[in-house]
Visitor: 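Submitted below is the structure of interest, expressed as structure tokens.
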Amino acid sequence: MAYNEHLAERIKIVLQRKSATFSEKRMMGGLTFMVNDKMCCGIVKNDLMCRIDPQEYELALKIKGCRAMDFTGRPMQGYVFVSEESVDKEKDLETWIQKCLDFNPKAKSSKKK
């Protein structure tokens, strides 16, 4: 198992409950959920990966279990990892997913190759 499949199922349920149209894409050794053809959230190993508003980035890093997404060796502004323990409760998972969905309309789409 390259990523936490149970967390993936929980994310799908939250996205469906929020009426978000999404697709799944294997990426970065994990699973990414695309909304409006833009990376919204995902899973890398056991961590939730969130794409949030860069203006909320520093504040988010102060939340327990949240850390900079440093997948490439340097932090990526607007992307964070949230530990599995920090999204164990449905309410906490929903809060993080909502942050991702709130930013999604403002997010830039990746250029297609």
Side-chain angles (χ1 to χ4, degrees):
M1 176 174 72
Y3 60 88
N4 185 324
E5 293 178 16
H6 177 67
L7 181 55
E9 288 303 315
R10 292 178 59 220
I11 293 169
K12 288 180 206 179
I13 290 167
V14 172
L15 289 170
Q16 289 167 345
R17 196 175 322 139
K18 293 185 175 286
S19 301
T21 302
F22 65 92
S23 62
E24 299 173 34
K25 187 173 186 180
R26 293 189 187 278
M27 190 182 293
M28 301 181 293
L31 183 66
T32 301
F33 294 91
M34 309 290 286
V35 175
N36 298 320
D37 292 322
K38 297 180 257 185
M39 186 185 302
C40 183
C41 60
I43 307 163
V44 177
K45 297 182 183 173
N46 287 318
D47 291 328
L48 173 66
M49 184 276 300
C50 296
R51 184 179 190 186
I52 61 172
D53 192 328
Q55 293 181 349
E56 295 181 23
Y57 179 75
E58 292 299 326
L59 187 59
L61 290 176
K62 295 177 183 179
I63 299 171
K64 183 180 178 185
C66 180
R67 69 182 193 285
M69 182 174 147
D70 54 0
F71 194 76
T72 60
R74 63 178 190 168
M76 294 177 65
Q77 191 74 14
Y79 290 85
V80 295
F81 283 135
V82 182
S83 69
E84 180 181 22
E85 297 80 26
S86 297
V87 292
D88 194 39
K89 294 179 181 164
E90 276 318 296
K91 182 182 88 157
D92 295 330
L93 178 60
E94 284 195 27
T95 297
W96 282 106
I97 299 295
Q98 189 61 55
K99 288 179 184 295
C100 298
L101 291 172
D102 289 344
F103 178 64
N104 187 265
K106 298 183 262 179
K108 291 184 181 177
S109 185
S110 298
K111 293 179 182 170
K112 298 197 181 213
K113 295 180 182 176

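It should be emphasised that the depicted structure is a prediction, and the values quoted were computed from it without experimental measurement.
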Visitor: Output yes when a side-chain donor or acceptor of Asn4 lies under 3.5 Å from a complementary backbone atom of His6, and no otherwise.
Guide: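 Yes: the side chain of Asn4 pairs with the backbone of His6.
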Visitor: Test salt bridge (charged side-chain N to carboxylate O under 4.0 Å, His left out) on Lys64 and Glu85; report intermediate values, then the result.
Guide: CA-CA 10 Å; Lys64 183 180 178 185; Glu85 297 80 26; over 6 Å; no
Visitor: Any side-chain heavy atom of Glu90 within less than 4.5 Å of one from Arg17?
Guide: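 Yes; the side chains approach each other to less than 4.5 Å.
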Visitor: Regarding Asp53 and Lys99, does a basic nitrogen lie under 4.0 Å from an acidic carboxylate oxygen?
Guide: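 So Asp53 does not pair with Lys99 through a salt bridge.
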Visitor: In Å, rounded to the nearest 0.5 Å, how long is the span from CG of Asp70 to CZ of Phe81?
Guide: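 Asp70 atom CG to Phe81 atom CZ measures 6.5 Å (nearest 0.5 Å).
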Visitor: Rounded to the nearest 0.5 Å, how far does SG of Cys41 lie from CG of Leu48?
Guide: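 SG of Cys41 is found 6.0 Å from CG of Leu48.
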Visitor: Please say yes or no: joined through hydrophobic side-chain contacts below 4.5 Å, possibly via intermediate residues, are Phe22 and Ile13 part of one cluster?
Guide: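 Per the 4.5 Å side-chain linkage, Phe22 and Ile13 are not co-clustered.
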Visitor: Taking all atoms of both residues into account, what is the closest heavy-atom pair of Met39 and Asn104, and its distance?
Guide: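 Shortest heavy-atom contact: O-ND2, 4.3 Å.
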Visitor: Quick check: are there more than 12 heavy atoms from other residues, nucleotides or ligands sitting under 6.0 Å from NZ of Lys106?
Guide: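 Atom NZ in Lys106 is packed in, count exceeds 12.
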Visitor: Which donor-acceptor pairs under 3.5 Å do the side chains of residues 24-35 make with protein atoms, sequence neighbours left out?
Guide:
| residue | atom | partner | partner atom | Å |
| --- | --- | --- | --- | --- |
| Glu24 | OE2 | Lys12 | NZ | 3.3 |
| Arg26 | NH1 | Tyr3 | OH | 3.1 |

Visitor: For the OH atom of Tyr57 and the CE atom of Met69, what is their distance to the nearest 0.5 Å?
Guide: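 Rounded to the nearest 0.5 Å, the OH-CE separation comes out at 10.0 Å.
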Visitor: Any chance you could measure Glu94, atom CD, to Leu101, atom CG, to the nearest 0.5 Å?
Guide: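 One gets 10.5 Å once the value is rounded to the nearest 0.5 Å.
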Visitor: So, do Val14 and Lys18 sit near enough that their side-chain heavy atoms are less than 4.5 Å apart?
Guide: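 With C-beta onward as the side chain, the pair touches.
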Visitor: Does anything in residues 39-48 form a salt bridge (charged side-chain N to carboxylate O under 4.0 Å, His left out)? List the pairs, not counting sequence neighbours.
Guide: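 Those involving residues 39-48 are Asp47-Arg67.
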Visitor: Calculate, to the nearest 0.5 Å, the distance between atoms CG and CD1 belonging to Leu7 and Ile43 respectively.
Guide: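 Answer for the CG-CD1 pair, Leu7 versus Ile43, is 4.0 Å.
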Visitor: Find out if a path of hydrophobic residues (ILVMFWY) with successive side-chain heavy-atom gaps under 4.5 Å connects Phe103 to Leu59.
Guide: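 No, separate clusters.
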Visitor: Are Cys40 and Arg51 close enough that some pair of their side-chain heavy atoms sits under 4.5 Å apart?
Guide: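 Result no, sub-4.5 Å side-chain heavy-atom pair not found.
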Visitor: From Thr95 OG1 over to Lys89 NZ, what is the distance, rounded to the nearest 0.5 angstrom?
Guide: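 Reported to 0.5 Å precision, the distance equals 11.5 Å.
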Visitor: Could you pull out all residues at least two apart from Asp102 that satisfy salt bridge (charged side-chain N to carboxylate O under 4.0 Å, His left out)?
Guide: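 Listed in chain order: nothing, the list is empty.
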Visitor: Would you find a donor on one side and an acceptor on the other, under 3.5 Å apart, between the side chain of Ser86 and the backbone of Val82?
Guide: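 No, Ser86 side chain to Val82 backbone: no donor-acceptor pair under 3.5 Å.
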